[in-house]
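Some notes on the structure that comes next.
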There are 2 protein chains.
Amino acid sequence: MNKVNSCPLNFTMNLIGTKWKPLILFHLLEGSLRSGKLQKKIPEISNKMFTQTVRDLEKDGLISRKVFPVVPPKVKYSLTNKGKSLEDILRSLDKWGSENYLD
Amino acid sequence: MNKVNSCPLNFTMNLIGTKWKPLILFHLLEGSLRSGKLQKKIPEISNKMFTQTVRDLEKDGLISRKVFPVVPPKVKYSLTNKGKSLEDILRSLDKWGSENYLD
DNA sequence: ACAATAACTTACCATAATGTAATATAGTTA
DNA sequence: TAACTATATTACATTATGGTAAGTTATTGT
């Protein structure tokens, strides 16, 4: 996508304005989670989109990924400080949704 | 798109989580604007996407569209109360963008 | 009569986002 | 030795989003 940012808002939307990103960040607000548990918080997401989305978020420095060298694999995701700085926004978006769900 | 909402946040993102919607809403925060003026605030948007997006926003009750029966046409867009209720969120998103632009 | 105007609308095409299903990995347990 | 595990990857298909360029409208100014 040709990501032009005519204003800061646009920059933000290009970073988190997708179907799954805010949802994943939101579920990590309560603390770090193993990959499987995080994914189960979002039943509708496919395996592929989950991996793809957390990779994107990691690339953009919003979450961190810690791999434990065990078998079967163990991976934990958590918010970075940058990710945490979105907390108010994520909660506001969620709140707005709950207030406007019925319309 | 199959819009499933496992949490309110998802509902919100399905409503405004696109490339242009937040931008248009944002520029209407300062008051109503004629179609052409609004579009010029967002130089990168194509004619088609502009119309398509304002129609979507109108359908979802976030903006209102007033047509003046004159020639050449005159159309004004403004935020509805529902749209105005996004003000804090829009400004927060914009603020976050300006604070994280450089990274 | 004819171009200029503002706000669309349409047809057509390209790219990005998302989905499904199958497969890989390699120790642990049966 | 074969199934089980949690995590991830790959190939392939579909749907959503975005873009370009041309056409439409009806009155006003020339």
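Below, chains carry the letters A, B, ... as their sequence lines are ordered, and counting in each starts from 1.
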Worksheet entry | For the student: nearest non-hydrogen atoms of A:Ser85 and B:Trp96, plus distance | OG-NE1, 2.8 Å

Discussion item. Is there a side-chain contact between A:Asp56 and A:Lys59 in this structure, where contact means two heavy atoms from C-beta onward sitting under 4.5 Å apart?
Written reply: yes

Worksheet item: Heavy-atom distance under 4.5 Å between the side chains of A:Ile89 and A:Arg91, does that happen here?
Response: no

Fill in: B:Leu57 CG - C:dC8 P separation (whole Å)
13 Å

Would you mind writing out the side-chain donor-acceptor pairs for residues 60-81 of chain A within the sub-3.5 Å range, not counting sequence neighbours?
from	atom 1	to	atom 2	distance (Å)
A:Ser64	OG	A:Ser78	OG	3.2
A:Arg65	NE	A:Tyr77	OH	3.3
A:Thr80	OG1	A:Gly61	O	2.6
A:Thr80	OG1	A:Leu62	O	3.1
A:Thr80	OG1	A:Lys82	N	3.4
A:Thr80	OG1	A:Gly83	N	3.1

Practice prompt. Write down the atom of B:Leu93, the atom of A:Thr12, and the distance for their closest heavy-atom approach.
Written response: O-OG1, 2.7 Å

Fill in: Side chain proximity check, B:Met13 to A:Leu23, heavy atoms < 4.5 angstrom
no

Worksheet item: Over how many whole Å does the gap from A:Asn14 atom CG to C:dT15 atom C1' extend?
Response: 15 Å

Item to complete: Take atom CD of B:Gln39 and atom C1' of C:dA6, then tell me their distance rounded to the nearest Å.
Response: 10 Å

Discussion item. B:Asp94: which residues meet the side-chain contact (heavy atoms from CB on, under 4.5 Å) condition with it, sequence neighbours left out?
Written reply: A:Cys7, A:Pro8, A:Leu9, B:Phe26

Worksheet item: What integer distance in Å separates A:Lys66:NZ from D:dA8:P?
Response: 15 Å

Worksheet item: Counting only side-chain N and O atoms of B:Lys19, is one of them less than 4.0 Å from OP1 or OP2 of D:dG19?
Response: yes

Worksheet entry | Distance below 4.0 Å between A:Tyr77 side-chain N/O and D:dA8 OP1 or OP2 | yes

Worksheet item: Within the structure shown, what part of the strands sits under 4.0 Å from A:Phe68 by heavy-atom distance: base, sugar-phosphate, or nothing?
Response: nothing

Worksheet entry | salt bridge (Lys or Arg N to Asp or Glu O under 4.0 Å) contacts touching residues 5-15 of chain B (sequence neighbours left out) | none

Practice prompt. Classify the nucleic acid contact of B:Gln52 as base, sugar-phosphate or nothing, counting any heavy atom under 4.0 Å across all strands shown.
Written response: nothing

Discussion item. Between P on D:dT7 and CG on A:Leu33, what's the gap in Å once rounded to a whole number?
Written reply: 11 Å

Practice prompt. Specify the separation, in whole Å, of atom CD1 of A:Ile45 and atom P of C:dA17.
Written response: 14 Å

Worksheet entry | Backbone N/O of A:Leu57 and side chain of A:Lys21: donor-acceptor pair under 3.5 Å | no

Discussion item. Just the rounded figure in Å: distance from P of D:dA8 to CZ of A:Phe50.
Written reply: 7 Å

Worksheet item: Using a heavy-atom distance cut-off of less than 4.0 Å, which residues of residues 22-32 of chain A contact DNA chain D?
Response: none

Worksheet, complete the sentence: A correct 5'-to-3' footprint of nucleotides 20-30 of chain D, with B, S and - meaning base, sugar-phosphate only and no protein heavy atom under 4.0 Å, is B-----BB---

Worksheet item: Is there a side-chain polar atom (N or O) of B:Arg55 under 4.0 Å from OP1 or OP2 of C:dA7?
Response: no

Give every donor-acceptor pair under 3.5 Å between a side-chain atom in residues 47-55 of chain B and any protein atom, sequence neighbours left out.
from	atom 1	to	atom 2	distance (Å)
B:Thr51	OG1	B:Asn47	O	3.3
B:Thr53	OG1	B:Met49	O	2.5

Practice prompt. Would you kindly give the CE-to-C1' distance between A:Met13 and C:dA17, to the nearest whole Å?
Written response: 15 Å

Practice prompt. Would you please confirm or rule out a distance under 4.0 Å between OP1 or OP2 of D:dA8 and any side-chain N or O of A:Arg65?
Written response: yes

Worksheet entry | Side-chain N or O of A:Ser35 closer than 4.0 Å to phosphate OP1/OP2 of D:dA8 | yes

Discussion item. For D:dA6 and A:Arg34 - does any side-chain N or O of the residue sit under 4.0 Å from the phosphate oxygens OP1/OP2?
Written reply: no

